[in-house]
Number of protein chains: 2
Amino acid sequence: MTATMSDVARLAGVSIKTVSNVVNDYPHISVGTRERVLAAIAELGYVPNSTARSLRSGRSGVIGLAVPELSLAYFAQLADEVIRAARAQNMVVLVEQTGGERERELEVLRGPRLQLTDGLLFSPLGLGNGDAEVARVPYPLVLLGERIFDPGIDHVTMQNVEAAEAAVEHLLGLGRRRIVALGAHQGEVIGSAGLRLTGYRNALASAGIGVDEALVVEEGLWHRRNGADAMRRLLATGVQFDAVFALNDELALGALRVIQESGLRVPDDVAVIGFDDVDEGNYSIPSLSTVDPGRQEIAETAVDLLLTRIEGRAGPEKQQLRTGYRIVPRESTGV
Amino acid sequence: MTATMSDVARLAGVSIKTVSNVVNDYPHISVGTRERVLAAIAELGYVPNSTARSLRSGRSGVIGLAVPELSLAYFAQLADEVIRAARAQNMVVLVEQTGGERERELEVLRGPRLQLTDGLLFSPLGLGNGDAEVARVPYPLVLLGERIFDPGIDHVTMQNVEAAEAAVEHLLGLGRRRIVALGAHQGEVIGSAGLRLTGYRNALASAGIGVDEALVVEEGLWHRRNGADAMRRLLATGVQFDAVFALNDELALGALRVIQESGLRVPDDVAVIGFDDVDEGNYSIPSLSTVDPGRQEIAETAVDLLLTRIEGRAGPEKQQLRTGYRIVPRESTGV
DNA sequence: GTGAAAGCGCTAACAC
DNA sequence: GTGTTAGCGCTTTCAC
């Protein structure tokens, strides 16, 4: 069925090495030879076998991307950007879902499923800082996000603390003082939830406002459903508030819906800001203010860093890269 | 760095073939030998090299999935389901984005980027029925959706016509008569837009209602933004309508927003139904009625069919499989 | 039950 | 400039 290099060589009347040279654009080949080889390639419809090439070169041209799940808009858009960035570098992307569960994340790191990739972009959720050892794997690895923060591992992260601070300052700037933090993870310090909550506390502290723990609402998962549930629980307590900082957009969108069902007006009674800038926020009612965490920049930076490692360029010092962010004011905070 | 089979063989004092036998669970090995080999494997931390294995066996354990883009919720959720289904069969998924452009789709079909996959799940958008030839590729291919409908190619599709009919019947059942079709593709017959529009026309015809072409609104892309734009254009024409059948949920969500901005009430003045059942529809305001196209069933069926082809099981007759659908009534149609 | 050896398709020394 | 040759790490006849 498929023609091999020797088939081409035989037809062109040259050696297999010459074919290889032509295929790999080796510079010193006579024009005549090259043409005969190209003709033979065309005639046989020859396509290099990338598996054999991988075995030989030790590289597959594939990078792995492990995320909690693509159903979460943030990760879908991240995957989109990663695939684009990889494509620009002639790489292809194998996507794994971990469900955010620690066990599955460990499996991805150690298991055989990503064996034929050249390196891994990994966005952990279940793993914590104590798992730094586990993340010292014998292949190129770049972590996305701050669940595991270890100077011995490459990282690309958004500026969670600073960006969250800016989001809360945006609410404070509107005169809001009873600001809910939605989606907190009990006791977490490192990780998106912990860091964004730190930003929340910092902003309130800078404004000389004490944190009312009744306004810090826990929620493990960050789907719309969870935002809705958490908001229902909060409303049921009867506690008063005039703004919500949701730790991501999906939580915000779920909450937005429940707030308005309860008869409260957004932004008049309650201003709402999310985090992530998923496209949906442009079309919700009201449109959702949010933080643009620089997803595209994260993807491009991470792919570049991973390729640097794969190709063995750059020194051994691990990098901790941080991308920019930007507050995006929309109707839900009164614009 | 990495141990090979011969390293293991040397340490265990056996031949490389014996190691291979143990690794592949070949039945007839003496207990003692097996234990010595397993011990050596553990000691060296040996992991089989999957690239070499692929070269030998001709299979990589990777399937390709080509979709327009993951930023569209429908495709993100489809990719999620495909990865799950593949995982259940011990396969891993390489995701490519085509942007829905014909050129890029051709590139995916013929190009070298998916070379090391065992087969391809392909959701075309730019390719049309005239491209059936192109889709007769020398590797296992299963098409998702009906852009190219050729009995010589395996297909897994939703029941676009019937499901669209049911959606429009749902609106008719509410007493609506001036029903907009949003997102039509001029002249398209095969393809989601064409088929869903056929369902729309069928339902109206069955109800004895003529189609007012002023209510058939074109829109090439199916993002929220396009739904919003199209609805703005429609409102500007001043044409009257009491319901909208959007050809997908994202269009519906964009339109929902614009309709309400214009002062019309949903569902009182205008009932809206979409198509796809993306999670977001549960949390929009109002929540969005839609058609559940059986995404999970599509993913599982397609992965199974592709594996059947890869493994050479089943006869040569190509299959055209259709999955179930279900109307999901929510607030935007008055529930 | 286990071993020897060939070869999957390609690349990279090294000759000529 | 081009050919020869030796593997990359594994599976798989075929002997023993």
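Order of the sequence lines fixes the chain letters, A, B, ..., with proteins taken first and strands second; residue numbering starts at 1 for each chain.
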Those residues that, when tested against Ile190(B), pass side-chain contact (heavy atoms from CB on, under 4.5 Å) (two or more places apart): Asn129(B), Glu146(B), Phe149(B)
Using whole Å, what does the distance between atom C1' of nucleotide dC10(D) and atom CD1 of Ile41(B) come to? 13 Å
Residue mapping more 5' on DNA chain D - nearest nucleotide basis, Ile29(A) or Ser50(B): Ile29(A)
Over all strands shown, is Thr33(A) touching base, sugar-phosphate only, or nothing at heavy-atom distances under 4.0 angstrom? sugar-phosphate
Who are the side-chain contact (heavy atoms from CB on, under 4.5 Å) partners of Ser123(B), not counting sequence neighbours? Val67(B), Pro68(B), Phe75(B), Leu144(B)
At less than 4.0 Å, is any side-chain N or O atom of Thr18(A) found next to OP1 or OP2 of dG3(D)? Yes or no. yes
Going by atom types only, do Ser50(A) and Gln115(B) share a side-chain donor-acceptor pair under 3.5 Å? yes
Between dC8(D) (P) and Leu116(B) (CG): distance, integer Å: 21 Å
Per-nucleotide protein contact along nucleotides 11-16 of chain D, 5' to 3', at a 4.0 Å heavy-atom cut-off (B base, S sugar-phosphate only, - neither), is BBB---
Under a 3.5 Å cutoff, is there a donor and acceptor pairing between the side chains of Gln89(A) and Asp304(A)? yes
Distance alone, cut at 3.5 Å: any donor-acceptor contact between the side chains of Ser54(B) and Thr51(B)? no
Nucleotide range of DNA chain C lying under 4.0 Å from chain A heavy atoms: dG9(C) to dA13(C)
Partners of Asn24(A) by side-chain contact (heavy atoms from CB on, under 4.5 Å), sequence neighbours excluded? Ser20(A), Arg53(A)
Residues in side-chain contact (heavy atoms from CB on, under 4.5 Å) with Leu321(A), at least two apart? Val156(A), Thr301(A), Leu305(A), Gln319(A)
Below 4.0 Å: OP1/OP2 of dC10(D) and any side-chain N or O of Thr51(B): no
Between Glu300(B) and Gln296(B), is there a side-chain donor-acceptor contact under 3.5 Å, judged purely by atom types and distance? yes
